[in-house]
Protein chains: 2
Amino acid sequence: MMPQNGISRFIGRLQLHGRLSPQSIEAIRALPWRLIKRTKLSYVLREGDIPQEVSILVAGFAQRQKHTSDGTRQIVSFSFPGDPLDFDCLFLNEADFSVQMSTNGTIACVRTEAVNALLDKQPEVGRVITTALLADAAVSREWVVNTGRRDARQRLAHLLCEVLVRAKAQQIETDVFELPFTQEQLADATGLTPVHVNRVLRQLTGEGAISRNGRFITVPSWDVLEEIAGFDDRFLHLHDAR
Amino acid sequence: MMPQNGISRFIGRLQLHGRLSPQSIEAIRALPWRLIKRTKLSYVLREGDIPQEVSILVAGFAQRQKHTSDGTRQIVSFSFPGDPLDFDCLFLNEADFSVQMSTNGTIACVRTEAVNALLDKQPEVGRVITTALLADAAVSREWVVNTGRRDARQRLAHLLCEVLVRAKAQQIETDVFELPFTQEQLADATGLTPVHVNRVLRQLTGEGAISRNGRFITVPSWDVLEEIAGFDDRFLHLHDAR
DNA sequence: CGATGTCTTGATCGATATCAACGCTCGTGG
DNA sequence: CCACGAGCGTTGATATCGATCAAGACATCG
């Protein structure tokens, strides 16, 4: 059975960044995808690997992360269903980050040769994939700003805004959203301590920017959260493919 | 007179990431480049622009930066002679960062249509440009780690390592290197304060990791600096084009 | 039912920010 | 040619945000 639902989400993600012709869509679907179930915390890829396959996230959530020489971890991005996980490796041999599942989930893999063959045949596909990868790069730049120039409260608010907007863009229910990340993961994404994340989350709740019930969060007033974060979604490049 | 020297550096930069055929090189040179002198602090591009031209840095240094809603600045990368400055805009309409000259210098511009036409004709060129842009993305990820998980001393050491290695990769003399950046710029690149940058630079000098004479810096022992920074140059992807 | 992971809270510490002031250098205009 | 001012680097004193250390509460799962 072909993993069509998973691939559809991927195509949806690509189309956030540019139109694809029916032939291109068909060609992407026709790639020899292999579906693989993955448990929480398992690694899809490790820093330094030279993968022969690339993968997309079909279900669940994942994180891309790097380690410093003294062992601390920094999460450099979160991935949602439909996102390519390591397509950078089509162009750069060696992975400079690891990909770890944040939750149980499913990925779909293809051999890099198959994708490269498709890129040769349908340059349009290459263009859209490049655009999607560069949109991810724009997110990384925003994360530099986040960790470099915002205080803890702004950082967390900004991360929450990003997660909610991206989730929504990929057709995920966000009115009541179950945050798939532990406070420790949020800490490693924002350059903070789990303890401090806890306190700040609490503070954001206190001022009515979010409300929480376990890991389920609701945003009573988007304006308030956005204002705290200084959030402007343009860095996500959701609407400006050339 | 054609700006061949500047373009050569650009081709050199691209070839860090992949071979180019003689025809492709010729085609890049043949693009209708326009050379423009730029003074220190002038803007090449501003956040939100939708440029009709893209440019490369021919001489001097530049920085890419973003502003937060409350006006603070974060530099998200430094550019060296030969680097493309805003080629992301070939794929993403709207610029999510500004480009400002760090020093006096020269850039070379081309209209985006001309580049796009070349990409259609020589897909090989598109592939190498994409690779170069994704290598920049890898640098952004490393900067997230830098600002998120390293202390001030490691951050500055790491930034200096990166600057020196990249300068060397682009044929710039680095035995005695004149840092083209003020301490304020270093602060905005590392998420620190100018005062603190000053103190840490002083500390690094004290422990013999670097030695300074005005803005000229020398690295007495690369090992020491690299050790402090926990520097591993793999994120620069200087040698692994597919 | 115990073990493990996650969240929570309090007390204290420390790295870096902030505030303030001074000196040097260099370019510019009188 | 000199005087001046702006920009940059430097230094000291103090404040603060977030880290660290420690421990308990709760839920989930084998």
Side-chain angles (χ1 to χ4, degrees), chain A residues 39-42 61 63 68 70-75 100-104 146-159 178-206 210-217 228, chain B residues 39-42 61 63 68 70-75 100-104 146-159 178-206 210-217 228:
Chain A
T39 62
K40 183 170 162 175
L41 301 186
S42 66
F61 295 84
Q63 61 210 29
T68 62
D70 40 54
T72 65
R73 174 177 74 167
Q74 173 72 43
I75 292 176
Q100 190 177 19
M101 295 299 295
S102 312
T103 65
N104 292 331
N146 213 32
T147 51
R149 283 293 180 231
R150 283 196 262 258
D151 68 24
R153 176 165 157 273
Q154 296 171 317
R155 270 186 227 186
L156 270 164
H158 199 278
L159 181 61
E178 183 179 7
L179 257 195
F181 313 112
T182 65
Q183 292 180 4
E184 187 177 6
Q185 288 167 321
L186 296 178
D188 282 334
T190 48
L192 298 168
T193 309
V195 196
H196 202 56
V197 166
N198 183 289
R199 293 196 231 264
V200 173
L201 241 27
R202 183 150 289 273
Q203 184 191 355
L204 288 173
T205 309
I210 57 175
S211 75
R212 300 185 303 148
N213 186 356
R215 290 209 196 146
F216 289 88
I217 71 168
I228 292 172
Chain B
T39 62
K40 183 170 163 175
L41 301 186
S42 66
F61 295 85
Q63 62 210 30
T68 62
D70 39 54
T72 65
R73 175 177 75 166
Q74 173 72 43
I75 292 175
Q100 189 177 20
M101 295 299 295
S102 313
T103 65
N104 291 332
N146 213 33
T147 50
R149 282 293 181 230
R150 282 194 263 258
D151 67 24
R153 177 164 155 275
Q154 295 172 317
R155 271 186 224 187
L156 271 164
H158 199 279
L159 180 62
E178 183 179 8
L179 256 195
F181 313 113
T182 65
Q183 293 180 2
E184 187 177 7
Q185 288 167 322
L186 296 177
D188 283 334
T190 47
L192 299 168
T193 314
V195 225
H196 201 57
V197 166
N198 183 290
R199 293 196 233 264
V200 172
L201 242 26
R202 185 150 287 273
Q203 183 191 356
L204 287 172
T205 309
I210 58 175
S211 75
R212 300 185 302 149
N213 187 355
R215 289 208 197 148
F216 289 89
I217 72 168
I228 291 172

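Below, chain A is the first sequence line, B the second, and so on; all start at residue 1.
Neither side chain, A:Q63 nor A:D188, offers a donor N or O lying under 3.5 Å from an acceptor on the other.
Looking at heavy atoms from C-beta onward, B:R215 lies in side-chain contact with B:T182 at the 4.5 angstrom threshold. When side chains are defined from C-beta on, A:M101 does not count as touching A:K40, because their heavy atoms never get closer than 4.5 Å. B:Q154 places none of its side-chain heavy atoms less than 4.5 Å from the side chain of A:T68. The closest side-chain heavy-atom distance from B:L201 to B:I217 is not below 4.5 Å. Side-chain contact check for B:V200 versus B:L192: every heavy-atom pair is 4.5 Å or farther apart. Put simply, the side chain of B:Q100 reaches to within 4.5 Å of the side chain of B:R73, judged on heavy atoms.
Distance check: B:T205 OG1 to B:N213 CG gives 11.0 Å after rounding to the nearest 0.5 Å. Here the CZ-NE2 distance, from A:R199 to A:H196, works out to 8.0 Å after rounding to the nearest 0.5 Å. Note: B:Q185 CD to B:Q183 CD = 11.0 Å, rounded to the nearest 0.5 Å. With rounding to the nearest 0.5 angstrom, the CG atom of A:N146 is 7.0 Å from the CG atom of A:L159. Atoms CG and OG1, on A:N104 and A:T39 in that order, are 6.0 Å from each other to the nearest 0.5 Å.
One interatomic measurement links the two molecules: CZ of A:F181 to C1' of C:dC7, which rounds to 18 Å at whole-angstrom precision. Distance CZ (A:R202) to P (C:dC7): 12 Å, rounded to an integer number of Å. The nearest whole Å value for the distance from the CD atom in B:Q203 to the P atom in C:dT16 is 9 Å. Atom CD of A:E178 is separated from atom P of C:dT6 by 14 Å (rounded to the nearest Å). Taking atom CG of A:L201 as the reference point, atom P of C:dC7 lies 9 Å away to the nearest angstrom.
Residues of residues 186-199 of chain A having a heavy atom closer than 4.0 Å to DNA chain C, listed by number: A:V195, A:N198, A:R199. Non-hydrogen atoms lying under 4.0 Å from DNA chain D are contributed by A:D151, A:A152, all within residues 146-156 of chain A. Proximity of residues 210-217 of chain A to DNA chain C (heavy atom under 4.0 angstrom from any strand atom) is restricted to A:R212, A:R215.
Every residue meeting the salt bridge (charged side-chain N to carboxylate O under 4.0 Å, His left out) condition with B:R150, not counting sequence neighbours, appears here in chain and number order: B:E142.
Over its length, the helix from C:dC1-D:dG30 to C:dG30-D:dC1 turns its helix axis by 40°, as judged from the five terminal pairs at each end, rounded to 10°.
A:R153 contributes no side-chain N or O that, together with a main-chain N or O of A:L204, makes up a donor-acceptor pair within less than 3.5 Å. Without hydrogens or angle criteria, A:R149 side chain to B:Q74 main chain gives no donor-acceptor distance under 3.5 Å.
For D:dT10, the OP1/OP2 oxygens have a side-chain nitrogen or oxygen of B:Q183 closer than 4.0 Å.
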Footprint string (nucleotides 24-30 of chain D, 5' to 3'): B base within contact, S backbone only, - free, heavy atoms under 4.0 Å: -------
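The two atoms that bring A:F61 and A:T103 nearest to each other are N-OG1, 3.0 Å, heavy atoms only.
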